[in-house]
There are 2 protein chains.
Amino acid sequence: MRQRINQIKKELHAQGYKLTPQREATLTVLLEREEDHLSAEEVFLLVKEKAPEIGLATVYRTLDLLTELGIVDKINFGDGVARYDLRKEGIDHFHHHLVCMECGSVEEIIEDLLVDVEKIVEEKWQFRVKDHRLTFHGVCKNCQEAALKSRKKVKID
Amino acid sequence: MRQRINQIKKELHAQGYKLTPQREATLTVLLEREEDHLSAEEVFLLVKEKAPEIGLATVYRTLDLLTELGIVDKINFGDGVARYDLRKEGIDHFHHHLVCMECGSVEEIIEDLLVDVEKIVEEKWQFRVKDHRLTFHGVCKNCQEAALKSRKKVKID
DNA sequence: TTTTAATTTGATAAAAATTCGCAAAAAAAT
DNA sequence: ATTTTTTTGCGAATTTTTATCAAATTAAAA
Ligand SMILES: [Zn+2]
Ligand SMILES: [Zn+2]
Ligand SMILES: [Zn+2]
Ligand SMILES: [Zn+2]
């Protein structure tokens, strides 16, 4: 984690920015909650626990900056808030998401399933692909099993 | 177009809703601007030209309703507004988008490029896919050509 | 056709999310 | 030590979306 922050510190310096305590606290939160998909407000509340004097605007600014530098990705799952997602280490594409319509859980697919599709898009549509967003909406494994169980239960009753 | 609206009218009635003049005006705008990706505000302004007495809230409600019924899809390209996209006739999946990072244009890919990918997701992740959102960010054909020309120009200068 | 009930609407207020403006603080450069 | 640049915190302002509610419209019942 220290290592990861240092790496980012370098990237910031390379672009003429500094790693202020506020930025470091924000990064720490993002790293600690890497599995989650936090909104700016949620990041703010978590950062406040470490650095109570921080302002919401600073969090927004930091998240913007990190997005600019490609350290985090901004994504919107359809509930009017932007969520921020740290890029996986050593992975250069934005990973995919599985959003469960029943329980709201968000699962991640790290491996790139779009390599072939992108090739087609580049060739057939003459579009130079730089980035992608792929989200599947459906029913997660848990909820499928739950539905199965409750259906059985109804049959017994 | 009349035909298309009548079809939707039936779908509305099937769910116990009526096709009010306001809803029809909204639908007409969506049909007339099928290529575009309008925000609620933009739809509102266009509908107002036909039905000046309509209120913004009604447009929001209508778009919500149409989304609910699967007649339009709601999507967010990352600029804080939701956009509404009429489903293509006879196509049961949400089409894909190519967003140009230079000029902001949005191109559509109607054919489903995700059939294989979805099969993998269903099998390997045990996730029942109901819907998807796929957006590529990159450089459109036009902007690629423009860049090429201006580069040549620089070389000559 | 009148009466009644249910749905839909427009206007406005309220809420939620994000950005802006600016003076103060911190850091870097001179 | 002084000046310049960057960053911050705060509150106000903006933008987008939702909620409220009485009035209007439409459908159903009598
Ligand atoms: Zn993610
Ligand atoms: Zn689930
Ligand atoms: Zn579209
Ligand atoms: Zn372009």
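Quantities reported herein were computed from a predicted structural model and do not represent experimental measurements. The chains referred to below are lettered A, B, ... by the order of the sequence lines, with proteins before strands, and numbering in each begins at 1.
- The side chain of B:K18 has D:dT26 as its nearest neighbour among D:dT7, D:dT26, D:dG9.
- Within the 3.5 Å criterion, the main-chain N or O of A:I75 finds no donor-acceptor partner in the side chain of A:R133.
- Following rounding to the nearest Å, B:L19 (CG) and C:dT7 (C1') show an atom-to-atom distance of 14 Å.
- The two residues B:H13 and B:L19 have their closest heavy-atom pair at NE2-N, 4.2 Å.
- Although no hydrogens or angles enter the test, the distance criterion places a donor-acceptor pair under 3.5 Å between the side chain of A:Q144 and the main chain of A:V139.
- Where B:H13 and B:R83 meet DNA chain D, the nucleotide closest to each residue was compared, and B:R83 sits on the side nearer the 5' end.
- No side-chain donor-acceptor contact under 3.5 Å links A:D36 to the backbone of A:L38.
- Here the side chain of A:R23 pairs a donor or acceptor atom with the backbone of A:K18 at under 3.5 angstrom.
- Remark: the backbone N or O of A:L114 is not paired with any side-chain donor or acceptor of A:H132 at under 3.5 angstrom.
- Of the charged side-chain nitrogens involved, at least one lies within less than 4.0 Å of a carboxylate oxygen, so that A:R83 and A:E42 count as a salt-bridged pair.
- Here C:dA6 presents its P atom at 16 Å from OH of B:Y17, a figure rounded to the nearest Å.
- C:dT7 atom P lies 15 Å from atom CG of B:L12, rounded to whole Å.
- Proximity of residues 56-72 of chain A to DNA chain C (heavy atom under 4.0 angstrom from any strand atom) is restricted to A:L56, A:A57, A:Y60, A:R61.
- Comparing the local axis fitted to the first five base pairs of the helix from C:dT1-D:dA30 to C:dT30-D:dA1 with the one fitted to its last five gives a bend of 20°, rounded to 10°.
- A close approach under 4.0 Å does occur between a side-chain nitrogen or oxygen of B:T20 and OP1 or OP2 of C:dT9.
- Ion pairing of B:D131 with B:R87 is present here, as a side-chain N (NZ or NE/NH1/NH2) and a carboxylate O approach within less than 4.0 Å.
- Interface residues of residues 21-49 of chain A facing DNA chain C, ordered by number: none; criterion, heavy-atom separation under 4.0 Å.
- Side-chain N or O atoms of A:Q22 include none that pairs as donor or acceptor with a backbone N or O of A:I54 at under 3.5 Å.
- Side-chain contact between B:E108 and B:H37: present, with at least one pair of heavy atoms (C-beta onward) separated by less than 4.5 Å.
- For the pair B:Q15 CD and C:dT8 C1', the computed distance is 17 Å after rounding to whole Å.
- Ring centers of B:H95 and B:H93: at least 6.0 Å apart, outside the cut-off.
- Atom-to-atom, CD of A:E53 to P of D:dT7 comes out at 17 Å; the value is rounded to the nearest Å.
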